[in-house]
Chemist: 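Pasting in a structure now, in structure tokens, and then I'll have a few things to ask.
For the numbers below, each heavy atom of this structure counts, side chains included, while hydrogens, waters and symmetry mates do not.
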Amino acid sequence: MRIAQLAGRTVLLTPKGAVDIPAEFEGHVFERWDGLLDWSRSATGGRPYDESELEPPVSAPRQIFAVALNYRPHTAEAGYEEPEAPLVFTKFPTCLTGPYTTVDLPPGHVDWELELVVVIGREARRVPVEKGWEPVVALTVGQDLSERVAQLAGRPAQFSLAKSHPGFGPIGPALVSLDEVPDRDDLELTCELNGEPVQHDRTGNMIFPIPQLVSYLSEFCTLLPGDLVFTGTPAGVGNRRVPQRFLTPDDELVSRIDGVGEMRHRFRKVTS
């Protein structure tokens with residue numbers, strides 16, 4: 001099942017197009033996820049749609065968690081030792097944008113970070129690692145866009161604000177139920193900038209796999225339906241390249257995760 005937000009409506013995406021979900025599920029996607037999944041198996045038809053009208057599949061999560069340094073090659077390129085526990089920060093919900101938008105570039109150096117995003121569907125607290133997948137109902141593609149000047153200016157560094165400019169949290173194109181993905185523990189990630197591959201890895205190479213991340217977060221916070229977890233980015237970010245490389249106006253960034261989907265974004269300079 002692939003659930004998306006299309007021009008203000010919740011829809012099921014099928015090979016034939018978009019199908020409006022039944023009225024009884026609208027506004028209750030997570031509370032009635034299992035029923036929605038059952039309905040989707042027999043849903044038919046679909047109307048053509050414009051990808052540019054796809055909105056963030058979760059528009060107003062109460063919590064957005066993000067994990068730093070969760071792939072060993074990225075940890076190494078950043079010049080750090082492998083962390084002993086997940087390094088967690090937050091992104092603010094107003095940063096979210098859809099999967100095919102144009103993002104404004106604020107002053108500074110804006111970098112890309114392709115990530116698999118976990119979508120929590122059930123309230124969870126103190127989840128054992130062996131049950132870490134149980135609160136998760138879907139996956140989606142994400143970009144943890146980051147303005148590096150502000151992020152790295154402080155001592156310690158300031159992550160959350162520099163990663164929460166408008167448009168700095170693209171997600172989509174849909175919420176993909178776990179039965180849709182080939183292997184929920186080992187998915188291929190690829191990020192391309194103007195057609196050039198800049199990031200490539202597999203989620204099976206995470207230092208802290210998804211069940212461990214969910215368990216760890218739930219020890220500190222109650223996880224809520226609709227919460228998002230950005231699970232970390234592979235090596236290949238712009239500020240660790242020699243020479244450094246950052247996003248510029250008219251760049252096209254393609255973010256792809258096998259079995260989950262693809263996003264495409266362009267960029268423009270902020271004008272006063």
Side-chain angles (χ1 to χ4, degrees), residues 1-64 96-100 114-124 127 131-143 169-189 203 209-211 213-214 223-231 255-264:
M1 178 173 71
R2 295 172 184 267
I3 296 295
Q5 293 293 320
L6 179 65
R9 296 291 299 269
T10 305
V11 298
L12 173 72
L13 299 185
T14 75
K16 293 185 177 180
V19 181
D20 289 337
I21 68 169
E24 62 264 30
F25 296 114
E26 189 69 57
H28 304 283
V29 166
F30 297 111
E31 297 94 324
R32 301 180 181 177
W33 185 265
D34 291 340
L36 189 60
L37 190 59
D38 289 341
W39 166 80
S40 73
R41 295 187 177 109
S42 58
T44 59
R47 66 180 186 276
Y49 63 93
D50 185 341
E51 289 182 336
S52 67
E53 294 187 323
L54 286 172
E55 300 163 348
V58 180
S59 59
R62 285 173 281 185
Q63 302 180 111
I64 303 177
L96 294 180
T97 191
Y100 304 104
L114 169 62
E115 310 205 8
L116 177 67
V117 177
V118 165
V119 185
I120 302 297
R122 302 175 181 93
E123 185 172 311
V127 180
K131 296 184 178 181
W133 274 108
E134 291 187 5
V136 178
V137 295
L139 303 172
T140 195
V141 184
Q143 271 284 346
I171 57 171
L175 304 182
V176 180
S177 58
L178 300 182
D179 60 319
E180 287 270 345
V181 297
D183 182 347
R184 64 187 185 181
D185 293 300
D186 188 30
L187 299 169
E188 184 180 29
L189 307 92
T203 61
I210 288 168
L213 293 177
V214 171
L223 303 181
L224 302 171
D227 284 355
L228 305 178
V229 183
F230 283 69
T231 58
S255 311
R256 183 184 309 113
I257 300 179
D258 183 36
V260 181
E262 178 181 292
M263 304 191 300
R264 295 191 305 275

Chemist: Could you check whether any side-chain heavy atom of P173 comes within less than 4.5 Å of a side-chain heavy atom of Y100, counting everything from C-beta outward?
Modeler: yes
Chemist: Considering non-hydrogen atoms only, spot the tightest contact between V29 and I21 and give its length.
Modeler: CG2-CD1, 4.4 Å
Chemist: Using the side chain to side chain contact (heavy atoms under 4.5 Å, CB included) rule, pick out the option among I120, L36, L175, D227 that qualifies with F30.
Modeler: L175
Chemist: Quick one: CZ on R184 to OG on S177, what's the gap to the nearest 0.5 Å?
Modeler: 12.0 Å
Chemist: Please tell me if the side chains of L189 and D258 come closer than 4.5 Å, counting only heavy atoms from C-beta onward.
Modeler: no
Chemist: Evaluate the criterion side chain to side chain contact (heavy atoms under 4.5 Å, CB included) for residue pair V181 and L187; output intermediate values, then yes/no.
Modeler: CA-CA 8 Å; V181 297; L187 299 169; 4.2 Å; yes
Chemist: Output the distance between atom CZ (F230) and atom CD1 (I171), rounded to the nearest 0.5 Å.
Modeler: 6.0 Å
Chemist: Decide whether S255 and E262 meet the rule of one side-chain donor and one side-chain acceptor closer than 3.5 Å.
Modeler: no
Chemist: Working to the nearest 0.5 angstrom, can you tell me the gap between L13 CG and I3 CD1?
Modeler: 7.5 Å
Chemist: Provide the closest heavy-atom pair for V127 versus P135 in the form atom of the first, atom of the second, distance.
Modeler: CG2-CG, 4.1 Å
Chemist: What do the steps show when you test E115 against Q143 for side chain to side chain contact (heavy atoms under 4.5 Å, CB included), and what is the final call?
Modeler: CA-CA 6 Å; E115 310 205 8; Q143 271 284 346; over 6 Å; no
Chemist: Where is the tightest heavy-atom contact between L96 and S59, given as atom of each residue plus distance?
Modeler: CD1-O, 4.0 Å
Chemist: How close do A174 and T140 get, counting heavy atoms only, and between which atoms?
Modeler: O-OG1, 2.8 Å
Chemist: Between D185 and P209, is any pair of side-chain heavy atoms under 4.5 Å apart?
Modeler: no
Chemist: I'd like to know if the side chain of S40 reaches the main chain of M1, judged simply by a donor and an acceptor atom lying under 3.5 Å from each other, with no hydrogens or angles considered.
Modeler: no
Chemist: Determine, stepwise, if the pair D34 / R122 fulfils salt bridge (charged side-chain N to carboxylate O under 4.0 Å, His left out).
Modeler: CA-CA 11 Å; D34 291 340; R122 302 175 181 93; 3.3 Å; yes
Chemist: For G46 and T14, which heavy atoms make the closest approach, and how far apart are they?
Modeler: CA-OG1, 4.4 Å
Chemist: Kindly indicate whether the side chain of V214, heavy atoms from C-beta on, has any atom under 4.5 Å from the side chain of L223.
Modeler: yes
Chemist: Using atom types as modelled and distance alone, determine if a side-chain donor or acceptor of R2 lies under 3.5 Å from a backbone N or O of V260.
Modeler: yes
Chemist: Can you check whether L224 reaches Q63 side chain to side chain, under 4.5 Å on heavy atoms?
Modeler: yes
Chemist: So, taking the atom named CG in L6 and the one named CG in D50, what distance separates them when rounded to the nearest 0.5 Å?
Modeler: 8.5 Å
Chemist: Enter the distance from I257:CD1 to L139:CG here, rounded to the nearest 0.5 Å.
Modeler: 8.0 Å
Chemist: Is it true that the side chains of T10 and E26 contain a donor and an acceptor less than 3.5 Å apart?
Modeler: yes
Chemist: Check whether any side-chain heavy atom of F25 sits under 4.5 Å from a side-chain heavy atom of D20, and report yes or no.
Modeler: no
Chemist: Are L178 and V137 close enough, and set up right, to give a side chain to side chain contact (heavy atoms under 4.5 Å, CB included), and what steps lead you there?
Modeler: CA-CA 7 Å; L178 300 182; V137 295; over 6 Å; no
Chemist: Return the OG1 to CG distance between T203 and D183, rounded to the nearest 0.5 Å.
Modeler: 7.5 Å
Chemist: Check step by step if salt bridge (charged side-chain N to carboxylate O under 4.0 Å, His left out) holds for E188 and R256.
Modeler: CA-CA 8 Å; E188 184 180 29; R256 183 184 309 113; over 6 Å; no
Chemist: Is there a side chain to side chain contact (heavy atoms under 4.5 Å, CB included) between V117 and V141 once you walk through the steps?
Modeler: CA-CA 6 Å; V117 177; V141 184; over 6 Å; no
Chemist: Is there a side-chain contact between V11 and Y49, using heavy atoms and a 4.5 Å cut-off?
Modeler: no
Chemist: If you take all heavy atoms of G259 and V176, which pair is closest and at what distance?
Modeler: O-CG1, 3.9 Å
Chemist: Can you tell me if R47 has over 12 outside heavy atoms packed within less than 6.0 Å of its CZ?
Modeler: yes
